[in-house]
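Working notes, structure below.
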Amino acid sequence: MSYNFKAVEKKWQDTWDKEGTFNASYDYSNEKKWYGLVEFPYPSGQGLHVGHPRPYTALDIVARKKRLEGYNVLFPMGFDAFGLPAENYAIKNHVHPKIITKQNVDHFREQLKSLGFSFDWSREVNTTDPDYYKWTQWIFIQLYKKGLAYKTTMPINFCTGCKVGLANEEVVNGVCERCGSEVVQKEKSQWMLRITKYAQRLIDDLKDIDFLEKIKTQQINWIGRSEGAEVKFKITDSDKELLVYTTRPDTLFGATYMVVAPEHSIIKELKSKITNIEEVEEYKRKASLKSDFERSELNKEKTGVEIKGIKAINPVNGKEIPIWISDYVLVSYGTGAIMSVPAHDTRDYEFAKKFGLDIIPVLEGGDISKEAFTEDGTHINSDFLNGLNKEDAIEKITNWLEEKKIGERKVNYKLRDWVFSRQRYWGEPIPMVYCEECGWTPIPEEELPLKLPEVENFEPGENGESPLAKQTDWINTTCPHCGKPAKRETDTMPQWAGSSWYYLRYMDPHNDKALASKEALEYWSPVDWYNGGMEHTTLHLLYSRFWHKFLYDIGVVPTKEPYQKRTSHGMILGSNGEKMSKSKGNVINPDDIVEEFGADTFRVYEMFMGPFDQVANWSMESVRGCFKFLDRVWNLQQFLVDGDTYTQETEKMMHSAIKKVSSDIEEMKYNTSVSTFMTMVNEFYKLKRINKAEFKTFLILLNPFAPHITEELFEVCGFDGPISSNKWPEYDEAKTISDEVTLPIQFNGKLKGTISIIKDESEDSVKEKVHKAIDSKLEGKTVVKEIYVKNRIYNIVVK
RNA sequence: GCGGAUGUGGCGGAAUUGGUAGACGCGCUGGUCUUAGGAACCAGUGCCAAUGGCGUGGGGGUUCAAGUCCCUUCAUCCGCACCA
């Protein structure tokens with residue numbers, strides 16, 4: 001009797017779809033709320049990847065369990081549908097991205113439904129829907145009004161393939177994260193978001209939320225806070241000063257030269273004094289041709305040119321020191337200029353060695369003839385700092401600098417402002433208008449959404465301009481401020497815009513007065529549990545925390561943080577341990593698995609394949625094992641008998657299983673939950689019987705993992721269904737422990753045998769039993785000591 | 001280089017958090033049933049010169065007892081990478 005998963009799964013999916021109430025969440029219910037969130041997919045043309053269902057199944061399991069526990073659950077799904085692939089497809093095939101996006105979304109939705117996820121589809125959102133992006137644009141205008149959105153001309157990362165500007169976060173190993181093309185620097189006027197203003201809060205508030213430690217660490221490292229001082233160096237024969245940032249002001253006495261970034265303004269400012277200006281300009285020119293990647297790739301050999309004709313004056317000892325230009329100093333960090341202390345900084349040391357510059361040690365310890373000494377030590381050659389350690393010296397010199405007004409304390413962050421413009425069509429139009437008289441002005445909020453105009457040709461412009469730049473009808477408008485002719489912004493927002501706040505929209509997805517009502521936000525905030533990929537830690541996750549904090553500041557949302565808990569899943573690789581890709585021919589299509597084995601098998605397998613947070617290789621054999629398991633579950637029917645519990649042993653098994661599965665689900669140890677189910681099934685097969693109450697409990701426990709087969713069995717066995725109207729079973733701790741204990745006996749920690757004892761049996765009685773069982777093996781040995789750990793182990797120390 | 005993680009049978013992985021290492025699944029071996037089986041069921045399966053010994057990447061240590069704690073070392077994977 002093999003079970004017909006196709007018919008059964010279709011039947012239950014139709015039921016869930018029709019009812020509409022099964023997965024629905026109720027606003028402002030009196031029940032405790034639980035909001036579980038998984039990252040909404042980009043609906044690509046390839047359809048669902050086997051990687052998507054792993055986190056979806058995991059949180060679906062939690063959501064289903066929470067419902068059975070009586071929570072009012074919000075577990076929504078939507079589509080992050082703006083993005084380059086749809087646009088590139090449009091360029092190639094002359095189909096509007098809107099059309100291809102709709103097709104893809106429909107396909108994705110169908111695939112997701114075929115896996116039996118309990119999403120509340122009545123709350124589906126789509127970032128490309130004007131009713132949705134109206135609010136994305138609205139948030140942008142608020143950011144603009146508060147001075148957090150600004151336009152500036154700056155060198156940006158420009159992808160030569162996508163012909164689009166990229167945020168730092170989107171450049172991976174010098175190439176475009178999305179298409180792999182080379183990224184070059186290009187001067188462009190760009191909209192920027194001042195995420196740096198939130199840097200400190202983005203670090204500080206992590207302490208109040210439950211994110212995996214590695215996620216917190218990664219965000220903190222990305223933000224890259226450092227404490228130090230800014231110090232002014234006078235320049236000879238000039239009223240100009242060179243400002244540097246250093247985390248080691250205590251090493252000022254060892255500063256033997258300065259280095260400025262190629263783009264530093266001092267070169268232009270003191271051009272007339274520089275005697276080798278041609279050489280310096282040539283170095284600048286060469287550096288500007290290199291991408292950031294090339295610059296860092298060449299980091300083995302440092303390059304540079306001395307700027308002749310000017311010198312800097314070390315403020316602590318009045319010494320004149322040379323100024324160099326080198327691309328190992330970055331214009332975008334600190335002040336774009338550094339003081340070099342070759343004795344105590346590895347990079348400076350390398351540079352000084354190469355160009356024969358002075359190396360003066362100011363801390364004791366280490367051997368500067370060999371390498372830079374970067375550890376703590378006692379200061380020497382440092383006048384009033386002599387004898388102090390690093391920490392004390394930093395404190396003393398910083399105070400001194402502040403007193404003398406030649407420097408001050410300063411905190412720096414690696415985090416840069418967010419490049420928010422994309423020169424593409426398929427994104428949210430930036431709702432700004434440029435007027436010759438009034439400058440940039442946001443469009444009036446009542447005109448939102450500013451819809452994308454219909455265009456024929458999606459090719460980007462020659463100069464990397466947005467396709468919108470060709471839409472003269474759309475561009476030409478009037479200034480909302482003075483009414484004179486003005487032009488619209490033709491750049492669009494990056495893909496990260498719509499996903500920065502989508503979790504809020506799910507709370508109240510059809511609201512046309514606000515991004516969500518106050519009541520809905522109050523009731524559902526924050527997201528209780530958000531699971532997503534590690535690759536989004538420094539992109540989406542950081543961006544959305546930033547937007548959320550901003551919305552909190554302007555009184556739109558009630559919590560400081562969007563997500564109370566964040567976990568992460570491991571990637572699914574091909575059976576050969578490599579990333580799935582068409583070229584490697586190791587791609588698994590979820591549809592094929594569902595077709596051959598059914599959704600329940602697919603779900604159970606993805607949970608069983610390994611620890612949820614670690615990478616896992618796909619294994620077709622293991623899929624079959626899970627299929628076989630469900631088949632055995634189905635055939636348990638044949639052993640069904642009336643009654644609550646069969647024996648004390650089965651009772652113990654049931655209570656232990658409830659305990660184990662309940663905690664496993666909360667701890668994301670789904671793989672051991674599945675093995676618990678398998679062990680139980682094996683046991684019932686051995687007994688060739690299963691009591692009704694036991695089967696019922698078993699089915700409820702298994703339901704979140706394999707919802708279709710369990711509902712069907714519930715019905716077939718005449719239990720009071722559906723399972724979704726039942727309660728999650730409870731266990732009795734006392735019944736998870738049996739009265740009989742198998743006690744291991746060891747000699748020197750090595751197992752020699754076991755005996756059976758009664759739980760909590762007296763030590764004397766245990767000892768007697770142990771010796772009766774084991775004395776023959778003690779011949780010729782001397783017993784030194786005997787250790788009994790109650791109900792646990794009996795260890796005899798012998799010689 | 002910095003940061004994070006992971007090393008356990010032929011394979012994927014368990015291990016009550018210091019107390020019987022290898023649960024569960026795959027694979028393999030044997031059996032039952034069968035015209036047949038890439039089906040089902042039952043039994044076995046860490047390794048070895050097997051009444052014993054050895055075993056959680058390697059080496060050392062703490063302990064009655066170590067996969068688990070400490071020191072050290074190697075390997076692999078993932079982030080970030082001249083951040084002053």
Side-chain angles (χ1 to χ4, degrees), chain A residues 1-2 172-173 212-215 217-218 220-222 224-226 228 244-248 251 259 292-293 295-300 302 326-330 332-341 345-348 350-351 412-416 534-535 537-538 570-571 575 577 604-605 608-611 613-626 628-629 631-632 635 656 659-660 669 671-682 685-686 688 736 742-754 777 784-789 791-798:
Chain A
M1 179 169 49
S2 197
V172 176
N173 290 335
L212 285 183
E213 218 38 57
K214 62 177 173 181
I215 295 174
T217 310
Q218 209 171 301
I220 289 167
N221 289 346
W222 185 263
R225 182 183 202 273
S226 77
V244 303
Y245 173 71
T246 177
T247 55
R248 296 294 304 274
T251 61
V259 186
D292 263 357
F293 181 58
R295 280 198 193 184
S296 54
E297 213 182 18
L298 296 168
N299 76 26
K300 282 206 170 69
K302 295 215 180 337
S326 172
D327 64 7
Y328 86 88
V329 174
L330 308 174
S332 48
Y333 184 76
T335 63
I338 61 162
M339 64 175 208
S340 262
V341 186
D345 181 283
T346 321
R347 295 152 312 190
D348 297 346
E350 210 181 299
F351 193 82
N412 257 321
Y413 302 91
K414 289 193 220 171
L415 185 71
R416 308 292 151 75
M534 271 318 276
E535 70 275 21
T537 304
T538 53
M571 220 197 317
S575 53
V604 168
Y605 170 64
F608 185 61
M609 68 193 305
D613 59 344
Q614 277 164 42
V615 295
N617 297 359
W618 190 268
S619 157
M620 224 50 216
E621 289 68 38
S622 216
V623 174
R624 288 197 189 90
C626 293
K628 190 172 141 186
F629 158 68
D631 215 36
R632 279 161 71 80
N635 289 323
S656 308
K659 182 182 178 180
K660 175 82 178 139
K669 290 159 80 175
N671 52 335
T672 52
S673 281
V674 174
S675 59
T676 302
F677 294 133
M678 289 173 168
T679 311
M680 291 168 88
V681 170
N682 291 346
Y685 268 76
K686 255 180 217 145
K688 290 196 180 5
T736 62
T742 306
L743 188 77
I745 304 165
Q746 300 180 329
F747 290 178
N748 300 335
K750 293 215 159 56
L751 186 71
K752 292 292 158 183
T754 59
K777 293 187 179 175
V784 179
K785 200 172 162 189
E786 296 182 33
I787 295 143
Y788 176 53
V789 182
N791 299 329
R792 266 279 154 83
I793 203 147
Y794 199 101
N795 192 15
I796 304 173
V797 185
V798 294

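All chains are named by letter (A, B, ...) in the order of the sequence lines, taking the proteins before the strands, and each is independently numbered beginning at 1.
B/U17 and B/G12 have their C1' atoms separated by 23 Å, given to the nearest Å. If you take atom C1' in B/U16 and the same atom in B/G67, they sit 15 Å apart, rounded to whole Å. Taking the C1' atoms as reference points, B/G55 lies 37 Å from B/G1, given to the whole Å. Taking atom C1' in both B/A50 and B/U72, one finds a spacing of 36 Å when rounded to whole Å. Rounded to a whole angstrom, the distance from the P atom of B/G79 to that of B/U73 is 26 Å.
In this structure, A/Tyr788 and A/Tyr794 have tilted ring planes: the angle between them lies in the 30° to 60° band.
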Can you pull every protein N or O that's under 3.5 Å from an N or O on nucleotides 1-7 of chain B?
{"residue": "B/G3", "atom": "O2'", "partner": "A/Asn221", "partner atom": "ND2", "Å": "3.1"}

Using a cutoff of under 3.5 Å, can you pull out all pairs of nitrogen or oxygen atoms linking the protein to nucleotides 39-42 of chain B, with atom names and distances?
{"residue": "B/C41", "atom": "OP1", "partner": "A/Arg632", "partner atom": "NH1", "Å": "2.5"}

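Base pairing annotation: B/C80 forms a Watson-Crick or G-U wobble pair with B/G1, both donor-acceptor distances under 3.5 Å. Checking B/C28 for Watson-Crick or G-U wobble geometry (two distances, each under 3.5 Å) identifies B/G44 as its partner.
Phosphate proximity of B/A84 to A/Ser226: present, with a side-chain N or O under 4.0 Å from OP1 or OP2. Here A/Tyr333 reaches the OP1 or OP2 of B/A84: one of its side-chain N or O atoms lies under 4.0 Å away. Close to B/U63, at under 4.0 Å from its OP1 or OP2, lies no side-chain N or O of A/Lys785.
Regarding A/Arg624, its CZ atom lies at a distance of 11 Å from the P atom of B/C26, rounded to whole Å. Between the CE atom of A/Met678 and the P atom of B/A23 there is a distance of 14 Å, given to the nearest Å.
In this structure, of B/A15, B/U16, B/A84, it is B/A15 that holds the atom nearest to the side chain of A/Lys660. Across B/A84, B/C54, B/A21, the shortest atom-to-atom separation from the side chain of A/Gln746 is found for B/A21.
Taking the O4'-C1'-N9-C4 or O4'-C1'-N1-C2 dihedral as appropriate, B/A65 has a value more than 90° from 0 and is therefore anti.
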